[in-house]
Trainee: 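Would you mind keeping the following structure in view while I ask a few things?
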Amino acid sequence: MGTFVITGGASGIGKAIADKLRDDGHNCLSLDLQTADIVADLSSPAGRQQAAKDIEAATAGELSGLVTSAGVGSHLPDMGLITEVNYFGTVELVEALRPLLARNRASVLLVSSNSAPMPTNDDFVDRLLDGDREAARALAESMHGQQVYSGTKQAVTRWMRRHTVACAEAGIRINAIGPGYTRTPLSLAAEDHPQYGEAIKQFIATIPIGRPGQPEDMAEAASFLLSERASFICGAMLYVDGGHDAMMRPDAL
Ligand SMILES: NC(=O)c1ccc[n+]([C@@H]2O[C@H](COP(=O)([O-])OP(=O)(O)OC[C@H]3O[C@@H](n4cnc5c(N)ncnc54)[C@H](O)[C@@H]3O)[C@@H](O)[C@H]2O)c1
């Protein structure tokens, strides 16, 4: 059994994944802003570099897997924060940990979203994928929060696809899950939003399977994808969304 680090592991989907991996017999370290085994702030380059050092120290160099679930919602007014945490807080951390992940032939699971294919600003996504933080942040300021959110998730997913081969060649198996609407503190805050709350409730009512997701639904998928049972699954984005993506994009693969 191995040691896993879960960013955003203090709450919601990340916490459920950590609990499930512990039930599977693994040693799990949560990384979060507070109430975590590793307290770190992924919203700045310095915070991300420090987080990578702290992970290496806390795991004593033995890391079987990394889950990146830290994220903030589209309802926040700070577009720069959504950009920094959701995109750079994911990919810069994986980059910084790449040598450690390769030494351990580790498995990585990125928590994206089923909003990744939704309409956004293509220039914003391109700037993210270029790693141009300043330009991406500047563009984000002119965008709606939902576009910034889905843009960061699209970029995270495309970054995963672009790096799948290099990761596999280095011994790292990387995948993503695309949660649909899932009841967590993040989504409940959006549901309570005075401006968007009603539209979100109507959106939830259209989930084909007839209920919103629970963090445990995401944890089941994560447990499988991180395990040896999924050893030939690599570069995949698994929608865990009660059929919502298929409903919205029936002809897209
Ligand atoms: N809940 C949903 O409906 C839903 C749907 C699709 C995708 N997601 C994604 O799932 C992930 C987890 O979301 P959740 O719903 O469990 O939310 P949550 O708010 O319950 O958990 C997110 C965690 O990330 C942490 N975090 C935020 N900023 C951070 C920072 N700067 N540094 C370190 N940690 C930070 C928070 O403290 C929190 O513990 C997010 O990436 C989110 O975008 C959620």
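The structure displayed is predicted, hence computed values, not measured ones. Ligands are counted one by one from 1 in listed order, and the atoms in each one are counted from 1 as well. By convention here, the first residue in the shown sequence is residue 1.
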Trainee: Give the C-alpha distance, both sets of side-chain angles, the deciding distance and a yes or no for side-chain contact (heavy atoms from CB on, under 4.5 Å) between Ile233 and Phe224.
Mentor: CA-CA 10 Å; Ile233 301 179; Phe224 169 67; 3.7 Å; yes
Trainee: Using 4.0 Å as the upper bound for N to carboxylate O, is an ion pair formed by Glu84 and Arg48?
Mentor: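 Here Arg48 pairs with Glu84 in a salt bridge, since their nearest N and O are under 4.0 Å apart.
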Trainee: My understanding is that only residues two or more places apart in sequence, or in another chain, count here; which of them pass salt bridge (charged side-chain N to carboxylate O under 4.0 Å, His left out) with Arg211?
Mentor: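 Salt bridge (charged side-chain N to carboxylate O under 4.0 Å, His left out) check on Arg211 returns Asp217.
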Trainee: Determine which pairs satisfy side chain to side chain donor-acceptor pair (under 3.5 Å) with at least one residue from residues 69-79, sequence neighbours left out, and list them in order.
Mentor: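 For residues 69-79, and leaving out neighbouring residues, the side chain to side chain donor-acceptor pair (under 3.5 Å) pairs sorted by first residue read Ser74-Gln146.
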Trainee: Indicate, with yes or no, if Val67 and Ile172 share a hydrophobic cluster defined by side-chain heavy-atom contacts under 4.5 Å among Ile, Leu, Val, Met, Phe, Trp and Tyr.
Mentor: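 Not linked; separate clusters.
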Trainee: If the criterion is any heavy atom closer than 4.0 Å to an atom of ligand 1, which residues make the list?
Mentor: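 Residues Gly8, Ser11, Gly12, Ile13, Asp32, Leu33, Ala40, Asp41, Leu42, Ser43, Ser69, Ala70, Gly71, Val72, Val85, Val111, Ser112, Ser113, Tyr149, Lys153, Pro179, Gly180, Tyr181, Thr182, Thr184, Pro185, Leu186, Ser187 each place a heavy atom under 4.0 Å from ligand 1, listed by chain and number.
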Trainee: For residues 5-17, which residue pairs qualify under side chain to side chain donor-acceptor pair (under 3.5 Å), counting only residues two or more places apart or in two chains?
Mentor: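 Listed once each, the pairs are Lys15-Asp19.
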